[in-house]
> 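Structure incoming, see below.
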Amino acid sequence: MPAAAALCGAIALGMTACGGDDAPGGPGLDYGEKVVTGYRMDYNVSLADPDVHEVADVIVEFVGADGSISRDTMDGQMWHKTVSFPLATKVTYGLAARFAAKDAPTLTKEQYDFATDLTSHVYTTYNNASPMPLLSPKNHTGKGILLPLQDGSSNTVRSAGYLSSQAGREDIDTTSVSYYQTIERLQSGADTLLISTFPGI
């Protein structure tokens, strides 16, 4: 499948791709003076309301360069991590933000907004040229408070009274947003994008 077609098909799954640029074809493939050396992922998580830390811990999980899943605690409104992936025939990227209700929440206002954005970027890196954008994966699934309503709309705001209740705490504990994808480089030199669910989501 041509790279452009594969990436365009991914847009419907919550992905956006850099238009018109075919990804380089394989290990050491020389485009003039540029030789592909690997990939760089800029992982980003952003909270609409930093005060959700008063009622919940925010746990970030991401796939590292060795393919394993690492975990980090998000303290502020923004979280960022850059990971460099070596050149390979198959590369997996993944990012998730999960919420866990605090045992003793400190409620300072009447309502909290759990809206969360994963805005990441994948770059192709070269031996002697600037990195080139390959695609921009985004969150494509939600659970708990982030799950869309039956009519397709979403309401990510919850009252402090509800969040401090048992039902609210259970709602927090099931809330997550993520993406998980694998780019597989074919022998033909074309790329195909395989989408699967983040482990545990």
Side-chain angles (χ1 to χ4, degrees), residues 14-16 38-86 91-123 125 131 133-149 154-182 195-201:
M15 318 287 294
T16 58
Y39 306 94
R40 189 188 80 206
M41 167 61 82
D42 290 340
Y43 290 123
N44 299 281
V45 179
S46 176
L47 300 176
D49 182 0
D51 292 331
V52 296
H53 291 294
E54 297 178 357
V55 296
D57 292 321
V58 184
I59 308 300
V60 177
E61 295 179 347
F62 62 96
V63 177
D66 62 355
S68 64
I69 297 176
S70 298
R71 176 175 288 192
D72 200 359
T73 300
M74 185 175 179
D75 295 321
Q77 188 170 8
M78 304 285 295
W79 178 92
H80 172 79
K81 179 78 69 174
T82 297
V83 178
S84 295
F85 294 85
V91 181
T92 298
Y93 315 98
L95 181 64
R98 308 176 188 273
F99 293 83
K102 287 191 172 180
D103 293 333
T106 302
L107 305 174
T108 63
K109 57 185 188 179
E110 295 182 355
Q111 60 184 23
Y112 295 81
D113 189 349
F114 279 74
T116 307
D117 285 324
L118 312 183
T119 54
S120 302
H121 307 281
V122 182
Y123 296 86
T125 57
L134 179 61
L135 56 125
S136 297
K138 298 179 183 296
N139 46 295
H140 65 272
T141 186
K143 287 191 174 184
I145 296 172
L146 299 177
L147 188 67
L149 304 177
S154 61
N155 177 19
T156 58
V157 177
R158 296 292 187 276
S159 69
Y162 177 75
L163 294 173
S164 60
S165 68
Q166 181 60 35
R169 292 172 60 82
E170 293 175 357
D171 204 2
I172 292 173
D173 288 339
T174 62
T175 296
S176 62
V177 59
S178 70
Y179 70 77
Y180 184 76
Q181 68 186 50
T182 297
I195 308 297
S196 61
T197 303
F198 199 96
I201 295 294

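All of these numbers come straight from a predicted model, not from anything done at the bench. Below, all heavy atoms of this structure are taken into account, side chains as well, without hydrogens, waters or symmetry copies.
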> For M78 versus S46, what's the shortest heavy-atom pair and its separation?
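Of all heavy-atom pairs spanning M78 and S46, the closest is SD-OG, 3.3 Å.
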
> What's the spacing between Y162 OH and Y112 OH if we round to 0.5 Å?
16.0 Å

> Roughly how far apart are K143 NZ and S178 OG, rounded to 0.5 Å?
8.5 Å

> Testing the basics here: between L118 and N139, what is the closest heavy-atom pair and its distance to 0.1 Å?
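Minimum heavy-atom separation between L118 and N139: N-OD1, 3.0 Å.
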
> Search all heavy atoms of K102 against all heavy atoms of H53 and return the closest pair with its distance.
NZ-O, 2.5 Å

> Hey, could you give me the CH2/OH distance between W79 and Y43, rounded to the nearest 0.5 Å?
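Here the interatomic distance stands at 8.0 Å.
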
> Is there a side-chain contact between V63 and M41, using heavy atoms and a 4.5 Å cut-off?
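No, every pair of side-chain atoms sits at 4.5 Å or beyond.
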
> Is any NZ, NE, NH1 or NH2 atom of the basic residue among R169 and D103 found under 4.0 Å from an Asp or Glu carboxylate oxygen of the other?
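Answer for the salt bridge query: yes.
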
> Between atom CZ of F62 and atom OG of S68, what is the distance when rounded to the nearest 0.5 Å?
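Taking CZ in F62 and OG in S68, the distance rounds to 8.5 Å.
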
> Rounded to the nearest 0.5 Å, how far apart are CD of E54 and OG1 of T108?
3.0 Å

> Any side-chain heavy atom of S84 within less than 4.5 Å of one from T125?
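In short, these two side chains do not touch, never coming nearer than 4.5 Å.
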
> Under a 4.5 Å cut-off applied to non-hydrogen side-chain atoms, are V58 and F99 in contact?
yes

> Taking F114's backbone N and O only, do any of them form a donor-acceptor pair with T116's side chain (distance below 3.5 Å, no angle check)?
yes

> T175 and I145: which non-hydrogen atoms are nearest, and at how many Å?
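Heavy atoms only, the tightest pair is OG1-N, 2.9 Å.
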
> Between L107 and E110, is any pair of side-chain heavy atoms under 4.5 Å apart?
no

> Can a donor-acceptor pair be found, under 3.5 Å and without considering hydrogens, that links the side chain of D42 to the backbone of H121?
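It does not hold such a pair.
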
> Any idea which heavy atoms bring A65 and P86 closest together, and the distance?
O-CD, 4.1 Å

> Are any non-hydrogen side-chain atoms of T73 and D57 less than 4.5 angstrom apart?
no

> Can you check whether F85 reaches V122 side chain to side chain, under 4.5 Å on heavy atoms?
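A side-chain contact under 4.5 Å is absent here.
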
> Would you check if V60 and K81 make a side-chain contact, meaning some heavy-atom pair closer than 4.5 Å?
no

> Roughly how far, to the nearest 0.5 Å, is CG of D173 from CZ of R98?
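Answer rounded to 0.5 Å: 12.0 Å.
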
> What's the verdict on side-chain contact (heavy atoms from CB on, under 4.5 Å) for D113 and V52, showing C-alpha distance, side-chain angles and the deciding distance?
CA-CA 7 Å; D113 189 349; V52 296; 5.7 Å; no

> Of all the heavy-atom pairs spanning L95 and S120, show the shortest one and how long it is.
CD2-OG, 3.6 Å

> Evaluate the criterion side-chain contact (heavy atoms from CB on, under 4.5 Å) for residue pair M74 and L47; output intermediate values, then yes/no.
CA-CA 10 Å; M74 185 175 179; L47 300 176; 3.6 Å; yes

